[in-house]
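Input: a single structure, listed below in structure tokens.
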Amino acid sequence: MSILEVKGLIAGYEPGLSIVKGASIHADEQEIVVILGPNGAGKSSFIKAIAGLVPITGGEVLLDGRDITYGAAHLRVRQGLAFVPQTENIFPLMTVEENLRVAGGVLPKSEVQGRIDETFTMFPDLARQRKLAAGSLSGGQRQMLAVGRALIVHPRVLMLDEPSAGLSPKFVEMVFTRLSEIRRAGLTIVLVEQNARAALAIGDRAYVLVEGREAHEGRAATLWDDPVVAELYLGQRRHA
Ligand SMILES: Nc1ncnc2c1ncn2[C@@H]1O[C@H](COP(=O)(O)OP(=O)(O)O)[C@@H](O)[C@H]1O
Ligand SMILES: [Mg+2]
């Protein structure tokens, strides 16, 4: 059974105006699933709707077989579905450690410090910078802090919206290497990316989202060479 199953999801920001128009994906245990698509295809809206941050008007979101379609966003986090938004995913004026403490706020108080220490073991760079304002970190380190914040509740599924956006190639590689390691440690990852080549390099399967629906699905390793995808993705992008 898939850990995350999204069936025919319909979602949008205003009543009667769907942006996500019946999109379906699934992610299995320890898979990295990549979602590609042209600008404005609805990738961010889709992943936010799965996270409970954009109103859903139809379809289903199942986490481990349990229907969470209409659950509140903070409950989904507790149930094991974590989300790293593309922007505003840290508090820049708080220290690195404070950022983790806030993220651990949904945990029992007695567990928080242990989880923070665990995060510092996983991300030694963050440990070194624990007393610094998060806003003073490099783009790559800030992204790792955002991932650390999401992981602090020990989720089963980690969803990320364009974690490589705005990063230099060196940091893109660092972030993607980290995501591979996190998957090996047992997590399932759903990754929305513009940086298709880097994402497909670590991904197992991928979907191409076009106009609010998944238009293609395939193995990540072969997706790029698929002529249907080239037409869908590059053809659409040319008109974007
Ligand atoms: N907060 C919002 N309120 C209203 N419309 C939005 C909002 N965010 C995005 N949209 C619209 O949803 C559509 C899809 O955007 P988005 O989900 O950001 O696509 P992508 O991430 O694939 O570039 C766009 O037409 C965009 O204008
Ligand atoms: Mg987006």
Side-chain angles (χ1 to χ4, degrees), residues 4 6-27 32-61 69-70 72-74 76 81-90 139-140 142-143 146-147 149-150 157-168 171-172 175-176 179 189-203 205-218 220 223-224 226 228-240:
L4 179 69
V6 182
K7 296 188 207 166
L9 201 71
I10 300 173
Y13 303 89
E14 294 163 51
L17 194 69
S18 304
I19 301 289
V20 181
K21 301 171 180 168
S24 303
I25 65 162
H26 66 93
I32 296 182
V33 170
V34 179
I35 301 177
L36 305 172
N39 249 331
K43 301 181 298 297
S44 294
S45 304
F46 182 48
I47 201 167
K48 281 193 219 165
I50 299 171
L53 300 169
V54 171
I56 293 173
T57 53
E60 279 184 323
V61 180
T69 315
Y70 297 102
H74 71 278
R76 298 180 200 224
L81 184 62
F83 174 53
V84 180
Q86 183 176 355
T87 56
E88 293 170 29
N89 51 24
I90 56 157
R142 231 179 297 181
Q143 218 38 280
V147 171
R149 296 187 76 234
V157 179
L158 176 65
M159 304 194 295
L160 307 104
D161 193 358
E162 300 206 27
S164 80
L167 300 185
S168 65
F171 281 121
V172 172
V175 168
F176 279 42
L179 293 178
I189 296 179
V190 178
L191 179 61
V192 167
E193 261 298 338
Q194 280 290 326
N195 194 337
R197 277 190 187 279
L200 292 174
I202 63 160
R205 264 184 325 108
Y207 296 87
V208 181
L209 202 73
V210 177
E211 292 177 12
R213 279 187 203 94
E214 84 290 357
H216 194 77
E217 180 199 349
L223 194 94
W224 196 254
D226 193 313
V228 177
V229 171
E231 182 58 35
L232 276 175
Y233 190 62
L234 303 173
Q236 288 283 332
R237 194 164 54 183
R238 233 180 277 126
H239 301 296

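Counting starts at 1 for both ligands and their atoms, in listed order. The residues of the chain are indexed from 1 along the displayed sequence.
- A 4.5 Å side-chain heavy-atom check between Gln86 and Gln194 finds every atom pair outside the cut-off.
- In plain terms, the two heavy atoms of Gly52 and Ala73 that are nearest each other are O-CB, 3.8 Å.
- Note: no N/O pair closer than 3.5 Å links Phe46 and ligand 1 by distance alone.
- Under the 4.0 Å distance rule, the nearest protein heavy atom to atom 4 (C) of ligand 1 falls inside the cut-off.
- Leu160 has its side chain out of reach of Val190: every pair of non-hydrogen atoms, C-beta onward, lies at least 4.5 Å apart.
- A side-chain donor from one of Asn89 and Gln143 sits under 3.5 Å from a side-chain acceptor of the other.
- Ligand 1 has Gly40 within reach: a non-hydrogen atom of the residue lies less than 4.0 Å from it.
- For ligand 1 and Ser44, the ligand atoms under 4.0 Å from any heavy atom of the residue are 17 (O), 18 (O), 20 (P), 21 (O).
- Numbered from 1 in the order shown, with element, the atoms of ligand 1 that lie under 4.0 Å from a heavy atom of Pro38 read 22 (O).
- At the top of the distance list for atom 13 (C) of ligand 1, counting protein heavy atoms only, stands Ile19 CG2, 3.5 Å.
- Proximity of Gly12 to ligand 1 is not established, as no heavy-atom distance is less than 4.0 Å.
- The shortest contact between atom 10 (N) of ligand 1 and any protein heavy atom is with Tyr13 CE1, 3.5 Å.
- No side-chain heavy atom of Val33 sits less than 4.5 Å from a side-chain heavy atom of Ile189.
- There is a protein heavy atom less than 4.0 angstrom from atom 20 (P) of ligand 1.
- For Ser44, the nearest N, O or S atom to the Mg ion (ligand 2) falls under 2.8 Å.
- The shortest N or O to N or O distance between Ser45 and ligand 1 is under 3.5 Å.
- Taking a distance limit of 4.0 Å, we find that atom 23 (O) of ligand 1 is approached by some protein heavy atom.
- Any N or O atom pair closer than 3.5 Å counts here, and Ala41 shares at least one such pair with ligand 1.
- If you number the atoms of ligand 1 from 1 as listed, the ones under 4.0 Å from a heavy atom of Asn39 come out as 23 (O).
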Between Val20 and Ile10, does the side-chain contact (heavy atoms from CB on, under 4.5 Å) criterion hold? Intermediate values first, please. CA-CA 5 Å; Val20 181; Ile10 300 173; over 6 Å; no

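- By the 4.5 Å heavy-atom criterion applied to side chains, Asp161 and Phe83 are counted as neighbours.
- Side chain to side chain, Tyr13 and Ser45 meet the donor-acceptor criterion of an N or O pair below 3.5 Å.
- For the pair Pro163/Val175, a side-chain contact is recorded, criterion being any heavy-atom separation below 4.5 Å from C-beta on.
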